[in-house]
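Worksheet for the structure shown next.
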Number of protein chains: 2
Amino acid sequence: MNYSKQRESMLRILRSTKSHPTANEIYMEMRKTDSKISLGTVYRNLNLLCDNGIILRIDTNHDSVHYDGCVEPHCHFVCSDCKRVFDLELDTSDLDDKVREETDFTVSGHSLVFYGKCNNCKD
Amino acid sequence: MNYSKQRESMLRILRSTKSHPTANEIYMEMRKTDSKISLGTVYRNLNLLCDNGIILRIDTNHDSVHYDGCVEPHCHFVCSDCKRVFDLELDTSDLDDKVREETDFTVSGHSLVFYGKCNNCKD
DNA sequence: CCTAAAACAATAACGATTACTATATTTATT
DNA sequence: AATAAATATAGTAATCGTTATTGTTTTAGG
């Protein structure tokens with residue numbers, strides 16, 4: 001993987017927010033400083049960074065995929081009203097072992113997403 | 001919701017398998033007995049059945065959405081090789097309460113998907 | 001039977017993502 | 001610094017899963 005200033009800029013954006021942006025939101029943010037950036041470049045780099053474990057993909061069932069610059073194990077909450085994605089502190093590191101006990105599968109990890117309404121939307 | 005033989009047939013298919021088929025797989029299965037069935041009908045009914053809690057949507061991060069005729073709370077394992085979806089017995093009913101303790105959010109449920117390799121693919 | 005609501009098949013449209021192509025940038029080598 | 005190979009890019013076209021539209025058919029209730 002060679003250096004590219006586009007990819008560096010994407011990583012900077014992802015690591016400076018807790019908003020879990022979508023590909024298009026990252027694209028819009030990048031266009032503020034680089035009007036020539038291509039949406040294809042954003043997608044290609046997001047996949048590259050995911051495949052190398054540098055960022056995290058969050059599938060919310062709701063709309064398009066969200067991305068997280070924080071790869072420390074944690075889980076997420078998606079508000080079914082505003083669709084925002086929140087980080088949760090919940091420790092679920094024991095779950096993978098439970099599945100290993102129950103099955104003969106090789107478990108590499110899990111994705112845990114909670115649904116409901118956030119503080120702003122719950123009334 | 002009026003009766004329709006297309007929807008009845010879909011439910012029969014979904015409840016008679018543990019394979020968690022995609023919309024297209026259900027469509028292909030239905031075409032065996034009804035060559036006129038429309039893919040739009042399959043999608044419309046899948047959404048209708050999901051919205052009414054009669055079937056379950058499973059988002060695997062991998063490809064298109066899978067559906068489950070069993071709505072009893074359970075979680076899933078997706079093989080990253082063959083992409084098959086397996087049921088797990090794991091009881092995770094306590095997780096929602098843990099999130100309620102940690103946050104002020106209204107929690108309606110969660111989706112828990114494990115990743116790894118199944119027995120067939122792990123070597 | 002007759003009517004209104006709901007469902008249908010067929011097809012067009014949409015939005016997110018990926019593929020393609022010709023050009024530019026990065027990195028390693030002389 | 002010049003060169004060459006590998007990698008990345010912008011721009012655009014194509015793909016794929018899903019949803020919307022339309023005119024017709026089926027269902028359910030009076």
Side-chain angles (χ1 to χ4, degrees), chain A residues 1-14 19-52 54-68 78 80 83-85 111 113, chain B residues 1-14 19-52 54-68 78 80 83-85 111 113:
Chain A
M1 205 192 321
N2 278 354
Y3 171 85
S4 91
K5 62 172 180 299
Q6 289 87 342
R7 189 159 51 233
E8 189 192 38
S9 159
M10 286 182 50
L11 257 179
R12 194 166 357 96
I13 288 172
L14 273 165
S19 75
H20 313 89
T22 63
N24 196 60
E25 286 165 353
I26 295 167
Y27 171 62
M28 290 308 191
E29 186 63 30
M30 295 193 72
R31 276 181 50 162
K32 291 180 183 171
T33 53
D34 175 4
S35 60
K36 288 286 185 185
I37 183 75
S38 163
L39 187 53
T41 298
V42 173
Y43 273 105
R44 184 168 26 76
N45 280 319
L46 284 172
N47 287 337
L48 208 56
L49 292 168
C50 281
D51 293 350
N52 288 77
I54 299 167
I55 65 171
L56 220 71
R57 193 190 310 267
I58 311 170
D59 211 323
T60 67
N61 266 24
H62 275 306
D63 47 357
S64 57
V65 176
H66 292 249
Y67 294 89
D68 195 336
V78 182
S80 34
K83 316 295 188 207
R84 275 187 296 173
V85 179
S111 145
V113 180
Chain B
M1 202 191 324
N2 279 353
Y3 171 86
S4 93
K5 62 172 182 298
Q6 289 87 344
R7 189 159 53 232
E8 188 191 39
S9 158
M10 284 181 53
L11 257 179
R12 193 165 359 95
I13 289 173
L14 272 166
S19 75
H20 312 88
T22 62
N24 197 60
E25 285 165 353
I26 295 168
Y27 171 63
M28 289 307 189
E29 186 64 29
M30 296 192 72
R31 277 181 50 162
K32 290 179 183 171
T33 53
D34 175 3
S35 61
K36 288 285 185 187
I37 182 74
S38 163
L39 186 54
T41 298
V42 173
Y43 273 105
R44 184 165 27 74
N45 280 319
L46 284 172
N47 287 337
L48 208 56
L49 292 168
C50 281
D51 292 350
N52 288 76
I54 299 167
I55 64 170
L56 220 71
R57 194 190 308 268
I58 312 170
D59 211 323
T60 67
N61 267 26
H62 275 305
D63 45 356
S64 58
V65 176
H66 293 249
Y67 294 90
D68 195 336
V78 183
S80 35
K83 316 295 188 205
R84 276 187 296 173
V85 178
S111 145
V113 179

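In the text below, chain A, chain B and the rest are named by the order of the sequence lines, each starting its count at 1. Only this structure's heavy atoms are used, side chains among them; waters, hydrogens and symmetry mates stay out.
Taking five base pairs at each end of the helix from C:dC1-D:dG30 to C:dT30-D:dA1, the local helix axes there meet at an angle of 30°, rounded to 10°.
Nucleotides of DNA chain C with any atom under 4.0 Å from a heavy atom of chain B span, from 5' to 3', C:dA6 to C:dA10.
Residues passing the side-chain hydrogen bond (donor to acceptor under 3.5 Å, both in side chains) test with B:Ser111, sequence neighbours excluded: none. Residues that satisfy the salt bridge (charged side-chain N to carboxylate O under 4.0 Å, His left out) test with A:Lys32, not counting sequence neighbours, are A:Glu29. Remark: A:His20 pairs with A:His76 by the ring pair (Phe, Tyr, Trp, His ring centres under 6.0 Å) rule, at least two apart or across chains. By the side-chain hydrogen bond (donor to acceptor under 3.5 Å, both in side chains) test, A:Ser19 is found to be paired with A:Thr17, residues two or more places apart in sequence or in another chain being considered. For A:Glu25, there are no salt bridge (charged side-chain N to carboxylate O under 4.0 Å, His left out) partners at least two apart in sequence or on another chain.
The side-chain heavy atoms of B:Thr60 and B:His66, taken from C-beta on, include a pair separated by under 4.5 Å. For the pair A:Leu48/A:Arg7, a side-chain contact is recorded, criterion being any heavy-atom separation below 4.5 Å from C-beta on.
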Contacts table for residues 35-42 of chain B: side-chain donor-acceptor under 3.5 angstrom, sequence neighbours left out:
unit_1	atom_1	unit_2	atom_2	d
B:Ser38	OG	B:Gly40	N	3.2
B:Thr41	OG1	B:Arg44	NH2	3.2

Heteroatom pairs (N/O) under 3.5 angstrom, protein to nucleotides 18-21 of chain D:
unit_1	atom_1	unit_2	atom_2	d
D:dT18	OP1	B:Val65	N	3.4
D:dT18	OP2	B:Tyr43	OH	2.4
D:dT18	O5'	B:Tyr43	OH	3.4
D:dT19	OP2	B:Asn47	ND2	3.0

Show the distances under 3.5 angstrom between N or O atoms of the protein and N or O atoms of nucleotides 27-30 of chain D.
unit_1	atom_1	unit_2	atom_2	d
D:dA28	OP1	B:Tyr3	N	3.4

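One finds the CG atom of A:Asp68 at 5.5 Å from the CG atom of A:Leu56 (value rounded to the nearest 0.5 Å). With rounding to the nearest 0.5 angstrom, the CD atom of B:Glu8 is 8.5 Å from the CG atom of B:Leu11. Note that CG of A:Asn45 and CD1 of A:Ile26 are 10.0 Å apart. Values are rounded to the nearest 0.5 Å.
Both A:Leu48 and A:Ser38 sit near DNA chain D, but only A:Leu48 has its closest nucleotide nearer the 5' end.
Listed by residue number, there are no residues of residues 6-14 of chain B with a heavy-atom contact under 4.0 Å to DNA chain D.
One interatomic measurement links the two molecules: CG of A:Asp34 to P of D:dT9, which rounds to 10 Å at whole-angstrom precision. Taking atom NZ of B:Lys36 as the reference point, atom C1' of D:dT25 lies 13 Å away to the nearest angstrom.
Pairs passing the ring pair (Phe, Tyr, Trp, His ring centres under 6.0 Å) check and including a residue from residues 24-46 of chain B, sequence neighbours excluded, do not occur.
Here the shortest heavy-atom pairing between A:Tyr67 and A:Asn47 reads OH-OD1, 4.5 Å. Nearest approach of B:Met30 to B:Met10, heavy atoms of both residues: SD-CG, 3.2 Å.
For the side-chain contact (heavy atoms from CB on, under 4.5 Å) with A:Leu46, the qualifying choice from A:Val65, A:Asp51, A:Leu14 is A:Leu14, the only one to do so.
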